Amino acid sequence: MQIDLDALFAKAPSPYMLVDTDLRIVWANAAYLAVTGRTQARLIGRILTEEFPAPPESLPDQMLRGSFKQVLETGEADHLPLIAYPIHGPDGQLEERYWSATHTPVLNADGAVAYILQNTVDVTDLHRGAHGGGDGAGDGGAPLNLGVDTTGRSAALLQRAEAVANENLALGQMMDFFQSAFDQAPSFMAIVNGPEHVFQVVNQAYSDLTGHRDILGKSVSEALPEIAGQGFLNLLDQVYTSGEPVSFTEMPAQIQSDPNAPPSLHFIDFIYHPLSDRTGKTVGIFVQGHDVTGKKIAEKQLTATREKFRTMAQTMPNQVWTADKDGALTWLNQRTYEFTGHSEGELYGEDWAKVVHPDDLATTVEKWAGAIVEGKTYEAEFRIRKADGSYRWHIVRASPLYADDGTLSGWVGTNTDIEDRKNTEAEIAKLNATLEARVAKRNRELEAVHAALRQSQKLEAIGSLAGGIAHDFNNLLQVVTGNLQIAMRGMAAESESRARLEQAMRSVKRGATLASQLLSFARKQPLAPVVINLSQLISETSEIVHSAIGEGIELEIDLAEGLWNTNIDPNSMENALLNLAINARDAMEGQGRLTVSACNIEIKPEASPPHPDVGAGDYVRISVADSGSGMTPETLERVFEPFFTTKSDGHGTGLGLSMVYGFAKQSGGYITLDSEVGAGTTFHLYLPRSHEAVQVLLGMADAGLAGGSERILLVEDDEDVRDTARHSLQQLGYQVTEAGDAEAALRLLAGGERVDLLFTDVVMPGKMSGYDLALKLQELHPEVPVLFTSGFVQDQIVHDGRLDEGVELLGKPYSQTELARRLREMLGSAGVAVEISQQEQPEAAEFAPRAVEAARGGQLRVLVVEDDALIRLDLVQMLREAEFEVIEAGTVAKALELLTSAPVDLLITDVGLPDRTGEELAKEARGLQANLPVIFATGGMDVPSAASLGNCEVLSKPFGDIALMESIEAAMCRDRKTA
């Protein structure tokens, strides 16, 4: 570029100076040299800010550099109305001077800034005059030629110029800050204005995404033509028109990020948010988002990798499995299911232990736990059960999987059959020296002892709970039961005293139910759900909850009106409430406030559920809130784990909340909790709504024994059981048709026999079961209801621990009262109910007709062995009223003395006795009388000797006179069959 600057500005009275883009001085006119006191030789080639330095980062330095930067970036002139900038005078002294400057860009042929022309005026004297520092005189004291009438206005304008300069600097600094933050933001951002969506601002990330195109000042459709037809322009128009934001995740978009390549597919998360003016009118749109293409591709690759692994694992001859970082199994290949006979999902979590040989389980678990803690390769040998029940040795290896950050993320393992190798090793071991055999035997014994010790420690809490609390509780209930029944005999049905005693008996039964649940929590018990309204259940349970939490805790019940029905097991629900209440009591240390509330909750599909496992729908939510100490985050993570407890040893098993969690899940719901240290805990139990009507459940003594005149088809293969059932049904007024098996019953039905209800055992000999018979009946007479009975859970009618929908089951043994109530519930108003008054109800002895008949003939002599005097007194009185001959003892030694002196026909004994156990007594009694029938009356549930000795009955406390007579009849009938 050829510019004759001397010809243009050399003789100009105003100072001019030219710098290049590095702020290097390339020319200055005479006026500039005069006002700065410099020479051409000194200035030319020097950096402006080095020749005229100001304190770094000072206000003058920032203003000057900011002005030059503005010109270089925009290509437009910039003005500094007033800048205080120090300069060294001819004498070398630094003097504070004031200037007014204009910076004009000089563009090259390409339109880019090549030089900057500075025109600067020294206004020091004017500034001082404006601020009262002088008279406005110029150099040498001569007044500036501003005119008398304009001096004041000039001073005011100069002050205004100074304020504007300072404001512009501050504004520029703020704009620089926000532009820097905008550019450094990790997400892409842009601002578009007007209905045409013209780009006003874009940050670096947005520029990177769009290929660094020059898009400022252009509309979106003009700047990014490739997005036409992809829906983005329509969304912008929608936001601009409606004033409502929109957002999307992982939306596909074809964008030309590389100017030398065609558009490529991206996945973006973004939001369009409207920008409004003071009147609320939309004037622009803020665009913000993230390019998640890498994440989407990684997820797709991960899915492909997983599928590749699954395909490979399914084709391998070995058993292959995966586990999470804590060792819980998450997947197994088909070979594993084929070998074990289990279905998919049945061995997930910690359920894999079900197929490990009991002798190998403790060592296997210990090694696995150590590998998980250390994050090292796992290897162990143990036996795995096949589908046919046999075991085969396997070597099990697992390798840890690590995430990119080095943390343990999971495990992958294999099981290899080494049964043949083990057999070979066993044969070789037989040839070893005797010493080696003894050492090996001793090692196995020690391993067994250690395994037993570990198992004993693991079950210590369970044994303490079941054997201590429940056993003693049942003993107490037995005393109450016996005295209540004795007290009720002879009372009129309508008397107030009898009503109170019957209420007490219902409470005893509720207590017995709770004790039974505590004793059998580890068994696979089927839920028997019925449609109920929780308002009634919670109200009725409040008394036992209040008793459990103690007088120091205030109990508040808050039940919403119009509470929906739900289909659950009432006993399990009561147990869940009790567990939550006891947990809250311990958290409050016996003092505080417990609130039990219930309300209806509707979870819509678009709403955020309280937990990922809770689906959309209608729920009844039961909340149990305490004012206790709350839980730490560590406790919250493990609160529902089985056997996890924060209590000291011997003060809790950690099973209560696990049981509540399992009940909620098994009922189709879920449980969540909110807790904060020092602010208490609230458990929320979500149970699905039922649209069916409430099923009315009668209590034990509600309206006496309800019988009927309908015809019942009774199907039972055991002749004695069938005879007893027929007798009970006929006493209730029913007509009875009997069949010994399903085939005989089907012939009766096919021959035109009309019945009102089928009462059948589930498992029977022959080709047809009771379940098959029920299916055939439904084909012939779909209106006839079916009541099943069984002594244990049957897979034909129970799945996942719950009775199949529509199945009615009466568990054995059952009382006549329970049978009567279930029949009337099923027959309902469609049948003919017959109320049997209290005076018409049979005495307890009538439920064991053969045994009582023998007793009245003087043939049955009973030995009762019970150390609790009150229980023994009640039991002896029941038997004597039934006309048995009774002798009694409180210890094993006394009982053996009585047995040695004279034989007896029946032994009834408690299990826990002061000197020895009732099981030991039974064994010695059998040595004296080989076929002596034995009834174990116990507060527990597990009496191993009952099965091994044979001809034994287990009568669980608390029991009444009817249950006692039924047990005697069963024992004596079995004795006759054995004989």
Side-chain angles (χ1 to χ4, degrees), residues 460-462 464-474 476-477 507-508 510-519 521 534 537-559 570-598 621-632 634-664 671-685:
E460 181 180 353
I462 302 175
S464 175
L465 175 65
I469 299 176
H471 182 274
D472 291 345
F473 188 41
N474 276 337
L476 293 174
L477 290 177
S507 298
V508 169
R510 184 182 293 113
T513 299
L514 293 176
S516 175
Q517 290 172 338
L518 290 175
L519 287 168
F521 73 93
L534 285 170
L537 186 143
I538 294 174
S539 299
E540 293 176 351
T541 311
S542 61
E543 292 184 9
I544 193 170
V545 171
H546 192 278
S547 176
I549 62 178
E551 296 296 332
I553 297 177
E554 180 183 355
L555 176 63
E556 179 181 349
I557 305 295
D558 183 11
L559 306 176
N571 291 335
S572 298
M573 182 68 238
E574 289 182 1
N575 197 18
L577 279 177
L578 184 62
N579 272 306
L580 292 174
I582 292 174
N583 186 74
R585 178 200 65 192
D586 295 341
M588 293 184 285
E589 297 182 352
Q591 297 291 329
R593 182 184 186 88
L594 179 68
T595 302
V596 179
S597 59
R621 185 180 70 188
I622 301 94
S623 301
V624 179
D626 64 61
S627 59
S629 56
M631 301 183 191
T632 64
E634 294 76 16
T635 301
L636 283 171
E637 291 180 0
R638 304 185 58 193
V639 67
F640 293 120
E641 290 183 10
F643 301 105
F644 173 74
T645 179
T646 57
K647 301 180 180 67
S648 59
D649 291 344
H651 291 81
T653 65
L655 291 168
L657 294 180
S658 299
M659 293 170 68
V660 178
Y661 176 87
F663 162 70
I671 184 169
T672 64
L673 74 156
D674 302 315
S675 185
E676 185 178 343
V677 175
T681 300
T682 301
F683 286 90
H684 299 290
L685 187 62

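Heavy-atom basis, side chains included; hydrogens, waters and symmetry copies ignored. This structure is a prediction, so every number in the text was calculated from the model and none was measured. Numbers for residues simply follow the sequence, beginning at 1.
- Within the 4.5 Å cutoff, the side chain of Met573 has no heavy atoms near those of the Thr541 side chain.
- The minimum heavy-atom distance between Thr682 and Ala625, with the atom names listed, is OG1-CB, 3.3 Å.
- Once rounded to the nearest 0.5 Å, the distance linking CD1 of Ile557 with OG1 of Thr595 reads 8.5 Å.
- Under the 3.5 Å distance criterion, the side-chain polar atoms of Asn579 are matched with a main-chain donor or acceptor of Asn575.
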Evaluation steps, side-chain contact (heavy atoms from CB on, under 4.5 Å), between Asp626 and Arg585 | CA-CA 8 Å; Asp626 64 61; Arg585 178 200 65 192; over 6 Å; no
Run the numbers on Leu577 and Leu537 for side-chain contact (heavy atoms from CB on, under 4.5 Å), then give the verdict.
-> CA-CA 10 Å; Leu577 279 177; Leu537 186 143; 4.2 Å; yes
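- Atom-to-atom distance recorded for Ile538:CD1 and Ile622:CD1 is 5.5 Å, nearest 0.5 angstrom.
- Leu559 and Ser539 make their closest contact through CD1-OG, 3.7 Å (heavy atoms, listed as atom of the first residue, atom of the second, distance).
- Of the possible polar contacts, one joining the Ser627 side chain to the Arg593 backbone as a donor-acceptor pair under 3.5 Å is found.
- Taking every heavy atom of both residues into account, Gly680 and Ser675 meet most closely at O-OG, 3.4 Å.
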Could you walk me through whether Asn583 and Val624 pass the side-chain contact (heavy atoms from CB on, under 4.5 Å) test, one step at a time?
-> CA-CA 10 Å; Asn583 186 74; Val624 179; over 6 Å; no
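- The structure places CD of Glu540 at 11.5 Å from CG of Leu534, a figure rounded to the nearest 0.5 Å.
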Please report the C-alpha distance between Leu673 and Met631 in whole Å, then the side-chain angles of each, then the deciding distance to 0.1 Å, and finally whether the side-chain contact (heavy atoms from CB on, under 4.5 Å) criterion is met.
-> CA-CA 10 Å; Leu673 74 156; Met631 301 183 191; 3.8 Å; yes
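- Separating the CD atom in Glu554 from the CD atom in Gln591 is a distance of 11.5 Å, to the nearest 0.5 Å.
- A distance of 8.0 Å separates OG1 of Thr672 from CZ of Arg621, quoted to the nearest 0.5 Å.
- Around the CD atom of Glu556, the shell of radius 6.0 Å holds more than 12 heavy atoms that belong to other residues, nucleotides or ligands.
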